[in-house]
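Have a look at the structure below before the remarks.
Reckoned from all heavy atoms, side chains included, excluding hydrogens, waters and symmetry mates. The first residue in the sequence is number 1, and the count goes up from there.
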Amino acid sequence: MVLNEPFAVAHGLVVGDTFEAVLGSQRRILRVVATALSPEFIYAIAPGGMMPDDRRFGILWMDRTSLAAAFDMDQAFNSVTLTLLRGADTKAVIAGLDILLEPYAGQGGYAREDQISNWFLQSEIRQQINMSRILPTIFLAVAAFLTNMVMGRLIQTERREIGLLKAFGYSNWAIGWHYAKMVLAISSIGVLLGWALGAWLGHWNTSLYANFYRFPFLLYRPSPQGFVIAASVSLAAALAGSAAMVVRAVRLPPAAAMLPPSPPSYSRASARLNMLDEPTRIILRRIMRWPVRAFLTTLGLAMSVAVLVLALQWMDAVNLLARTVFERSQHQDATIIFNEIEPRKSEIDFMHLPAVLATEPFRSVAAEISHGHRTKRQGISGIPEHASLSPIYDERGLVLSPRAEGLVMSSILAELLHVSVGDMVQVQVLEGNRPTFDLPVLQTFQTYIGTPVYLELNALNRLMNDGLVISGLHVKLDASEQGRLLMKLKALPGITAILFRQAALDTFFKTMGETILIFVGFFVTFSIILSFGVSYNAIRIALSERGRELATLAVLGFSRWEISYILLGEIGLLAIAAIPLGCGIGFLLSWYMSSAFQTELYRVPLVVEPQTYGEASLIATVTVVACAAFIRGRLDHLDLISVLKTRE
């Protein structure tokens with residue numbers, strides 16, 4: 001047989017190795033003659049599973065004649081794949097195919113877009129498209145803000161130079177082009193660094209997807225057009241951010257530019273600060289003197305906090321998703337899925353197997369659910385009325401019971417079908433006797449994964465009219481005897497899959513850890529750079545503006561610590577004000593990302609734990625403190641004499 005490559009790698013199997021497998025009702029010795037990848041199983045998950053588990057689920061290909069003999073299916077088949085002519089009506093072909101195969105218990109055809117691997121892959125691509133629109137927008141907005149802040153402070157300190165240039169005959173265009181070239185020069189360096197970093201990240205991302213989805217090959221060939229577009233958009237964002245400041249420099253009259261700025265006028269509110277000490281009053285008066293500048297600095301620091309909240313929130317979302325799916329809605333230790341439906345009484349046989357403490361049956365049928373002109377291919381799960389091992393769990397904390405009178409439907413499927421509680425839907429079963437019946441929607445519930453639909457088990461069997469049968473069992477196990485149970489189940493025929501809840505949980509965290517942790521790390525790094533950049537520019541430009549003032553205070557007897565407090569206290573107050581603002585912006589960004597990432601496959605829950613706000617605030621605060629300590633060292637080496645000799 002030919003073995004799919006991920007399963008072979010997970011078990012260390014190579015060409016020539018042999019192993020035992022149960023085919024039909026007999027144990028056979030199989031020899032690996034090759035390993036392969038197939039587009040049909042790019043995303044290979046076991047029946048009833050949610051994520052690929054290469055150690056516990058694999059695909060085997062065998063010669064058709066040998067396989068037919070093993071399963072007593074001579075001159076028969078159970079699956080067929082069609083290639084359609086260009087422009088063919090897929091729905092019409094599927095309808096004709098279903099009619100053709102109905103006498104042979106066909107389970108219904110489906111288009112390529114509904115094939116499981118393609119469906120998962122297309123959902124991932126749609127999320128990548130959403131991310132490519134959201135994240136660059138945040139980055140470019142921050143870049144424009146930083147450019148605006150730096151250019152505004154620079155132009156303010158170069159008023160005299162601008163006046164002199166105009167007095168010597170330089171035109172407004174020449175002065176504006178001078179500052180525009182400065183922005184372009186700085187941005188061009190960023191573009192070059194961004195090209196290099198983006199190329200590396202693109203290659204890493206491609207490798208990650210190639211390994212996760214097991215593509216036969218996935219070439220990383222970024223087009224020159226992508227680099228040109230990225231550079232153009234980045235330069236445009238930087239120029240847009242500095243445009244207002246450049247226009248202000250151009251419009252500055254020479255006579256006004258040659259004079260020092262007009263003394264600030266303090267409002268009566270500043271007189272109320274007299275109860276404070278002199279350094280604190282200096283800090284607060286400076287903030288009140290330039291409120292717009294203070295707000296923009298606060299907004300820049302708040303954006304760094306917001307990006308941190310957005311990144312760390314994903315950890316909260318993943319943890320809540322895992323707790324909801326694997327702990328609150330699943331209480332079984334394992335799930336056993338049969339090849340075909342089995343009599344309900346077979347549950348008794350499994351109850352006597354080693355390690356089995358409790359069992360709970362279920363049945364799954366493939367169906368199409370219709371409401372008006374909207375149709376959705378969706379499996380219906382039949383579970384006991386008082387299911388305890390795998391109940392219907394609503395993400396709001398409610399546990400619902402299946403109903404015999406109608407369906408309990410996930411809210412996302414209800415939205416897709418445009419139905420609400422009380423509406424009738426048509427159910428066309430795609431297996432067995434293929435019955436069609438109308439049922440009301442009795443309840444809806446919210447879930448994070450898939451679009452499940454439930455019906456009471458006995459009611460589903462009555463509608464199917466094929467006796468008391470089940471598709472599988474949820475079982476509660478004694479962990480100390482689990483190995484013996486697995487050995488017994490391996491020898492039993494008629495079992496399609498054995499799913500262990502803890503293994504699924506471990507796989508979930510392993511898969512998410514490979515992507516989410518890197519995603520969070522990237523955002524944390526970006527946020528630290530952003531916070532450090534805003535803080536450094538604010539403090540460094542303030543030092544250049546107030547160097548003479550601080551030197552004068554030192555001569556008048558202020559200590560080094562008091563001068564440092566005056567210089568750094570402003571950024572400290574603004575950083576404190578930025579924390580709640582950043583937390584609010586971070587929550588809004590998280591809400592937007594959660595809404596944009598919703599698909600039929602899964603929804604990202606919007607949850608931000610208090611710990612996340614604390615971690616984001618702590619990281620931003622440490623970054624600002626580190627930046628302030630760096631500038632504090634420069635302040636200690638301030639040459640008072642040279643500063644005081646500087647002309648006003």
Side-chain angles (χ1 to χ4, degrees), residues 132-202 222-254 257 290 292-293 295-297 299-301 303-304 307 522 525-545 627:
S132 69
R133 294 170 178 170
I134 297 171
L135 300 187
T137 302
I138 298 174
F139 295 162
L140 292 172
V142 172
F145 162 75
L146 286 175
T147 308
N148 179 279
M149 185 182 71
V150 171
M151 293 304 298
R153 297 286 181 91
L154 182 63
I155 291 172
Q156 183 67 23
T157 57
E158 294 184 350
R159 287 170 53 93
R160 290 190 59 196
E161 286 77 3
I162 294 174
L164 287 172
L165 289 173
K166 286 193 171 186
F168 278 107
Y170 282 86
S171 64
N172 291 342
W173 168 256
I175 294 175
W177 178 234
H178 164 74
Y179 286 105
K181 285 190 296 183
M182 184 176 183
V183 173
L184 290 174
I186 297 173
S187 302
S188 298
I189 297 174
V191 166
L192 294 176
L193 294 175
W195 278 349
L197 181 60
W200 177 79
L201 286 175
S223 64
Q225 181 183 4
F227 286 94
V228 172
I229 293 175
S232 301
V233 173
S234 300
L235 293 175
L239 287 174
S242 61
M245 296 297 103
V246 172
V247 170
R248 179 182 299 178
V250 168
R251 291 180 177 178
L252 198 62
W290 291 289
V292 175
R293 176 189 296 182
F295 172 75
L296 291 178
T297 303
L299 183 61
L301 295 173
M303 288 302 298
S304 68
V307 172
F522 173 73
T525 302
F526 173 79
S527 175
I528 291 175
I529 294 174
L530 171 60
S531 179
F532 192 90
V534 173
S535 303
Y536 180 82
N537 279 285
I539 300 172
R540 186 66 185 86
I541 295 177
L543 179 59
S544 63
E545 290 178 345
C627 179

For residues 190-197, please give each side-chain donor-acceptor pair under 3.5 Å, one per line with the distance, not counting sequence neighbours.
| residue | atom | partner | partner atom | Å |
| --- | --- | --- | --- | --- |
| Trp195 | NE1 | Phe227 | O | 3.1 |

Quick one: closest heavy-atom pair of Ala237 and Ala144, and the distance?
O-CB, 3.5 Å
The reported gap from CZ in Phe526 to CE in Met303 (rounded to nearest 0.5 angstrom) is 8.0 Å
Contact summary for Ser188 and Leu235, nearest pair of heavy atoms
N-CD2, 4.1 Å
In this structure, CD1 of Ile186 is separated from OG1 of Thr147 (nearest 0.5 Å) by 7.5 Å
Within the side chain of Ser304, is there an N or O that forms a donor-acceptor pair under 3.5 Å with the backbone of Leu301?
yes
If you measure from CZ on Phe532 to SG on Cys627, what distance do you get to the nearest 0.5 Å?
4.5 Å
Please tabulate, for the side chains in residues 174-184, all donor-acceptor contacts under 3.5 angstrom to protein atoms that are two or more places apart in sequence or on a different chain.
| residue | atom | partner | partner atom | Å |
| --- | --- | --- | --- | --- |
| Tyr179 | OH | Glu158 | OE1 | 2.7 |

